[in-house]
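One structure is given here, and the rest of the page talks about it.
Computed from a prediction, not measured in an experiment: that's the story for all the values here. In what follows, every chain begins at residue 1, and chains take the letters A, B, ... in the order their sequences are listed.
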Amino acid sequence: MSGAVEIEERAARWLARRKEPGWSDADQAQLDAWLQESTSHEVAYLRLEYGWSKVDRLTALRRPSPRSEQSDQQEMLATPEPKPRRALERPLALSAAASVLLLIAAALVWFGDELTSDVYATGLGGHEIVPLADGSRIELNTNTRVRVGFTAEARSIWLERGEAYFDVAREPSRPFIVYAGDRRVTVLGTKFSVRLDSKANRVQVAVAEGRVQLEELRVNVPAPPVIAVGGDKVIAEGASSMRVKSGSAEIVTTDLSWRQGLLTFDATTLADAVDEFNRYNRRKLVVDPTVADLRIGGSFEAANVDAFARLLQHGFGLEVVESDGEIRISE
Amino acid sequence: MVDSETLKTWFFREVLPLEPALMRFLRRRWRNPAELVDLRQDIYARVYDAARDGLPLQTKAFLFATARNHLINRAKRARVISFELVADLEALSVAVDAITPDRHATAREELNRVQAGLARLPPRCREVIVLRKIEGLSQREVAARMGIGEDTVERQMVQGMRALVDFMLGGTGRIRRAAAKEPTAKEQS
């Protein structure tokens, strides 16, 4: 019995061969037989066909082009390499691929501007991992929006809303900068998260590994930059300065439990816990002032509002009533 | 009984676009990343077989219910999984609403995604894909052009295709190859 990976490879080989000249009826018959052998073969093949057709956008660039399409093609093939000059150093080869790459190198030097400017966003309860061309990864939490703009000089990210975790590939020649609210976080290579709370004018940075520098960008606010290392959490609030909570790796891990889909509370008030839940879910929890100060602890699935409510009902003996898409918690 | 054309179209239009959400779902609930490709394939196969008798009314709910049940069965069979995991999976009421649909990519975004996917490929692999897909060369012509064997070209094509498809369907674009004898995961799929 073949493993799933073997089946996928086999399916890919079939798909590649099918586009070759000389594909015969006998070949087609063999493919059909293989597809019928097992549903796993069929779904693996269909999945590849589906995904590969998305790559077909590339073939739109094959036609000889008016000017605009040509720059599109160059941009299309441009791999944002950290050292664009590398292609120029290659000896002139006769193959079309190499000459295309030379054109790209020229285009990179010529235009020099942004190679990519992409926006990624998640909805309520969303969670998405975005790999970047330099090998870094951004993990978006609920209701988050980031804009990525890499140039030859710097790797810039704008956190426009929400919270994201960054796993940054080391590239000393190109600083990695995250802009959030009125602040900027600069790193060389590290793992950290940034959370923007626009209403409270607060930016929180939790560093899992490495070293970051958090700076205030507004000119009239005299706050010196702050350095944070692994295990630190920095909170920059309002118009004033930034506090660094030096701590254990544990504090940071708790903060980052959303990456496993969990919310972790430790002697947290019910009011605060409910605020956190509401960031992830459309059905909102509402807490009566009489019970807002109850302290709770534990790990909960961020998306499972019902389980949390049930726990409050059976564990704490609270009253839980749902109406109009709201869940009210009271004595 | 559903005819095969209808079945295929349904699978393309309604099931495969859910892969990013499905993979997020699986990644969070299954400890071993090396088994994700297996799980995904099994779940797709089950869903496909079930749909032969009649397409489900709510594809998303059906897919995730199938996924959940499959995880529970696998966990029970493995027997090394802790009691807590099984209890957790069973108690999990899959609030299907909470699984946010991915926004539909615009043409521009898809193009960008393909570009990013290409950038992640090893250079030789990328060149093979570019020559085949953009220049439209056959595998033989690519082999001649690059001065390598046709077998190598096919291998690079297979690797590149799988990585790109993985990336287009919301994955990381890094793939495990079947070549390794030991089941140790080289990279996550």
Side-chain angles (χ1 to χ4, degrees), chain A residues 3-9 12-13 15-17 20-21 38-40 42-44 46-48 50-52 54-59 61-62 73 75-80 95-97 100 116 118 121-129 131-133 260-261 280-282 301 303-307, chain B residues 8 11-12 16 19-20 24 28 37-38 40-42 44-45 48-49 91-93 95 97-103 107 109-112 114-120 126-127 130-136 138-139 145-146 154 157-158 161-162 164-169 172-173 176-178 189:
Chain A
V5 173
E6 272 110 356
I7 293 177
E8 278 199 4
E9 286 186 343
R13 247 173 295 159
L15 195 56
R17 286 222 190 115
E20 285 287 287
S38 158
T39 310
S40 303
E42 174 110 34
V43 296
L46 288 177
R47 179 180 171 272
L48 281 170
Y50 174 79
W52 197 234
K54 290 192 169 231
V55 179
D56 264 344
R57 295 194 181 278
L58 283 179
T59 58
L61 303 168
R62 193 188 299 169
Q73 182 170 17
E75 200 188 299
M76 174 75 245
L77 294 170
T79 56
S95 77
V100 163
T116 46
D118 293 316
T122 49
L124 270 184
H127 186 162
E128 184 171 325
I129 298 181
L132 301 180
Q260 271 76 47
Y280 295 80
N281 296 283
R282 242 179 293 142
E301 281 223 318
N304 203 344
V305 158
D306 292 298
Chain B
K8 273 188 212 166
F11 195 66
F12 263 54
L16 289 168
E19 180 159 317
R24 280 195 296 271
R28 261 190 246 176
V37 175
D38 233 32
R40 174 180 69 207
Q41 207 174 88
D42 282 345
Y44 279 163
Y48 202 79
D49 279 333
L92 177 71
S93 60
D97 280 340
I99 296 165
T100 41
D102 301 90
R103 27 194 264 297
E109 282 168 342
E110 285 225 322
L111 194 60
N112 284 345
V114 175
Q115 180 182 354
L118 270 183
R120 298 174 67 74
R126 181 166 61 232
E127 197 169 334
V130 166
L131 288 178
R132 284 220 64 205
K133 266 281 179 180
I134 300 193
E135 305 276 321
S138 71
Q139 245 162 227
R145 192 74 79 87
M146 287 176 67
E154 187 174 77
M157 193 65 195
V158 163
M161 196 188 269
R162 283 190 65 219
L164 271 179
V165 166
D166 206 61
F167 192 72
M168 291 312 289
L169 295 180
T172 60
R176 287 182 61 232
R177 310 233 279 283
S189 215

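In this structure the side chain of A:Glu8 reaches within 4.5 angstrom of the side chain of B:Gln41, judged on heavy atoms.
Across B:Asp38 and A:Gly3, no two heavy atoms sit closer than the pair OD1-C, 4.5 Å. Closest of all the heavy-atom pairs between B:Val158 and A:Arg13 is CG2-CG, 3.5 Å. The two residues A:Leu46 and B:Phe11 come nearest to each other via the heavy atoms CD1-CD2, 3.8 Å.
Among A:Pro21, A:Ala44, A:Gly51, the residue making the largest number of heavy-atom pairs under 4.5 Å with chain B is A:Gly51.
In this structure, B:Tyr48 OH and A:Glu42 CD are separated by 4.0 Å, a value rounded to the nearest 0.5 Å. The line from CG of A:Leu15 to CE of B:Met157 is 8.0 Å long, rounded to the nearest 0.5 Å. Within the model, atoms CD of A:Glu9 and CE of B:Met161 stand 12.5 Å from one another, a figure rounded to the nearest 0.5 Å.
Of the two parts of B:Leu169, only the side chain, counted from C-beta on, holds a non-hydrogen atom closer than 4.5 Å to a non-hydrogen atom of chain A. Using a 4.5 Å cut-off between heavy atoms, A:Ala16 contacts chain B through both its backbone and its side chain.
Side chain of B:Gln139 to backbone of A:Glu20: no donor-acceptor contact under 3.5 angstrom is found. Within the 3.5 Å criterion, the main-chain N or O of B:Phe12 finds no donor-acceptor partner in the side chain of A:Arg47.
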Check your understanding: Does the pair B:Phe167 and A:Lys54 meet the rule for a side chain to side chain contact (heavy atoms under 4.5 Å, CB included), with working shown?
Key -> CA-CA 11 Å; B:Phe167 192 72; A:Lys54 290 192 169 231; over 6 Å; no
